[in-house]
Engineer: 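Here it is, the structure, as structure tokens.
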There are 2 protein chains.
Amino acid sequence: MNPNKDQTDPRVIRTRILIKEAFIELLTEMDIEKMSVSRIAERATISRVTFYLHYRDIPDMLEKMADEMIKEIEEALRGKPVNPDSREGADWLRLEKLLEHIAQHASFYKVTLASRKAPIFTERLLSMLTEIITERYDHVEKDSFTYKAGIQKDIAVWHRSSALIGTIVSWLRQDMPYTPHFLAKQFYLLTSRKQDTNF
Amino acid sequence: MNPNKDQTDPRVIRTRILIKEAFIELLTEMDIEKMSVSRIAERATISRVTFYLHYRDIPDMLEKMADEMIKEIEEALRGKPVNPDSREGADWLRLEKLLEHIAQHASFYKVTLASRKAPIFTERLLSMLTEIITERYDHVEKDSFTYKAGIQKDIAVWHRSSALIGTIVSWLRQDMPYTPHFLAKQFYLLTSRKQDTNF
DNA sequence: AGACTTATTTTACAGTGTGTAAGATAATGA
DNA sequence: TCATTATCTTACACACTGTAAAATAAGTCT
């Protein structure tokens, strides 16, 4: 396949959308173990052979879909780039943006992130969040609580990034009972120590 | 099979150990997608038919192994039962006990928890930890920071339990660079607000 | 519009794994 | 020693995989 036409040929676009939709549908209906190229092709109303023209196998498909997901999340967060000098308020807005994006595509994220059927999606998002949190840690937390309390940077990063992704997953699993704005604010309260001075 | 003899017949015990060891070995070598009953039986030096005498299929095997894991963790934590009146110090000891148990069986937990190849194990442990944290929250945190700051109980529980399991997973993934004692203490510092008064 | 390029389809094939059945063998326990 | 039963051997029908070749259909370009 011509790598340039890949992204523009309407037949290719159509097929990939059909595969993605079929995959999401099937994943809501069954466990990942029962997923097969045959089933996906059948549901997508394409030939099984066509699947192999796009993906080597199912793991390859998952990987490429995860790549796409990360790209879309980065796209959604654009406009509020990672700013080393930003204060917590700015990051809180970025989290709200992330949650809004997830809420807008809830049917996709509920299956890929919240179902835990295909760990690769959660893994990718965790990596991304870990990067952001690691960067942020050096720049804006030099004088924060954790810094002073003698907490190892890597442990603090593990703690924060997993708390973040875990909270998002739980929120999705329970069908988003809070608005992105409210949850982002609560998360900010839980993570930052700013509020300590109020009590 | 006689359900009573199931647990005592040395042939049964031997076979299940062989299957478990073969499974762990194979999972370190390949992705879960490539796992098959044939491979497990071959590695375990048992007949493929024998596998089906113990487990319906691979998902069934994973489920039963996860049950076993939870039992063993509960066993390891016994002696320090969930005490509603316990102060943070006691819980900190329980976390240290958990980490010690995991460290002692690192080869098993590195594959089941840290590899993220079989999400069921992480899911089960998360459920267990969520239960413990939920119970604890009502009893010992009535006057804690989160309570006063107007943070929803469920959000706080999501945050804490996912931070806990995520930290454990990251610690395992990086081959446990800290002692259980040290990590438990750091986790305690990160979660509790007691230290705030020191600064 | 017509000629091209190429994505998709159809059909076919060899290979691997699944889950179950029957009877033979070997280990266990009383 | 003898009855029990876990394991093994062999066999079978079925499903899914990954690839190939040639035909068809859809898109692109002048």
Engineer: Check the distance between D:dT28's C1' and A:I13's CD1 and give it to me in whole angstrom.
Structural biologist: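 So the two atoms are 14 Å apart, to the nearest Å.
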Engineer: Under 30°, 30 to 60°, or over 60°: which ring-plane class applies to A:H105 and A:Y109, parallel, tilted or perpendicular?
Structural biologist: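 Taking A:Y109 first and then A:H105, their aromatic rings stand perpendicular (interplane angle over 60°).
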Engineer: With side chain to side chain contact (heavy atoms under 4.5 Å, CB included) as the test, would you mind laying out the steps for A:D175 and A:K110 before giving the verdict?
Structural biologist: CA-CA 8 Å; A:D175 293 306; A:K110 239 185 103 70; 3.0 Å; yes
Engineer: Is the shortest side-chain N to carboxylate O distance from A:E29 to A:R43 below 4.0 Å?
Structural biologist: yes
Engineer: Rounding to an integer number of Å, can you tell me how far A:D57 CG sits from D:dT17 C1'?
Structural biologist: 10 Å
Engineer: Between C:dT10 atom P and A:E42 atom CD, what is the distance in whole Å?
Structural biologist: 13 Å
Engineer: What integer distance in Å separates A:R56:CZ from D:dG18:P?
Structural biologist: 9 Å
Engineer: To the side chain of B:K34, which of D:dG18, D:dG27, D:dT17 is closest?
Structural biologist: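 So the side chain of B:K34 is nearest to D:dG18.
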Engineer: Any salt bridge between B:E68 and B:K71, counting N to O under 4.0 Å?
Structural biologist: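 Not counted as a salt bridge, because no side-chain N and carboxylate O are separated by less than 4.0 Å.
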Engineer: Does D:dA6 have OP1 or OP2 sitting under 4.0 Å from an N or O in the side chain of B:H54?
Structural biologist: no
Engineer: Select one nucleotide: of C:dT6, C:dG29, D:dT17, the one nearest the side-chain heavy atoms of B:P10.
Structural biologist: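 Given the options C:dT6, C:dG29, D:dT17, the side chain of B:P10 is closest to C:dG29.
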Engineer: A:S36 has a side chain; which of C:dA27, C:dG17, D:dT17 sits nearest to it?
Structural biologist: D:dT17
Engineer: Report the residue (B:M35 or B:R11) whose heavy-atom-nearest nucleotide on DNA chain C is the more 5′ of the two.
Structural biologist: B:M35
Engineer: Could you tell me how the ring of A:F121 sits relative to the ring of A:F108: parallel (under 30°), tilted (30 to 60°) or perpendicular (over 60°)?
Structural biologist: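 Aromatic pair A:F121/A:F108 classed perpendicular.
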Engineer: Can you give one letter per nucleotide of nucleotides 8-15 of chain D, going 5' to 3': B for a protein heavy atom under 4.0 Å from the base, S for sugar-phosphate only, - for none?
Structural biologist: SBBB----
Engineer: How long is the line joining CG of A:D60 and C1' of D:dG18, in whole Å?
Structural biologist: 13 Å
Engineer: Whole Å only: how far is the CD1 atom of A:I17 from the P atom of C:dT8?
Structural biologist: 12 Å
Engineer: With a 4.0 Å limit, can you tell me whether A:S38 has a side-chain N or O closer than that to the phosphate oxygens OP1/OP2 of D:dT17?
Structural biologist: yes
Engineer: Count the heavy atoms belonging to other residues, nucleotides or ligands that lie under 6.0 Å from NZ of B:K34, then report whether that count exceeds 12.
Structural biologist: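 Open.
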Engineer: If you take all heavy atoms of A:K117 and A:L27, which pair is closest and at what distance?
Structural biologist: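 Where A:K117 meets A:L27 most closely, the heavy atoms are NZ-O, 2.6 Å.
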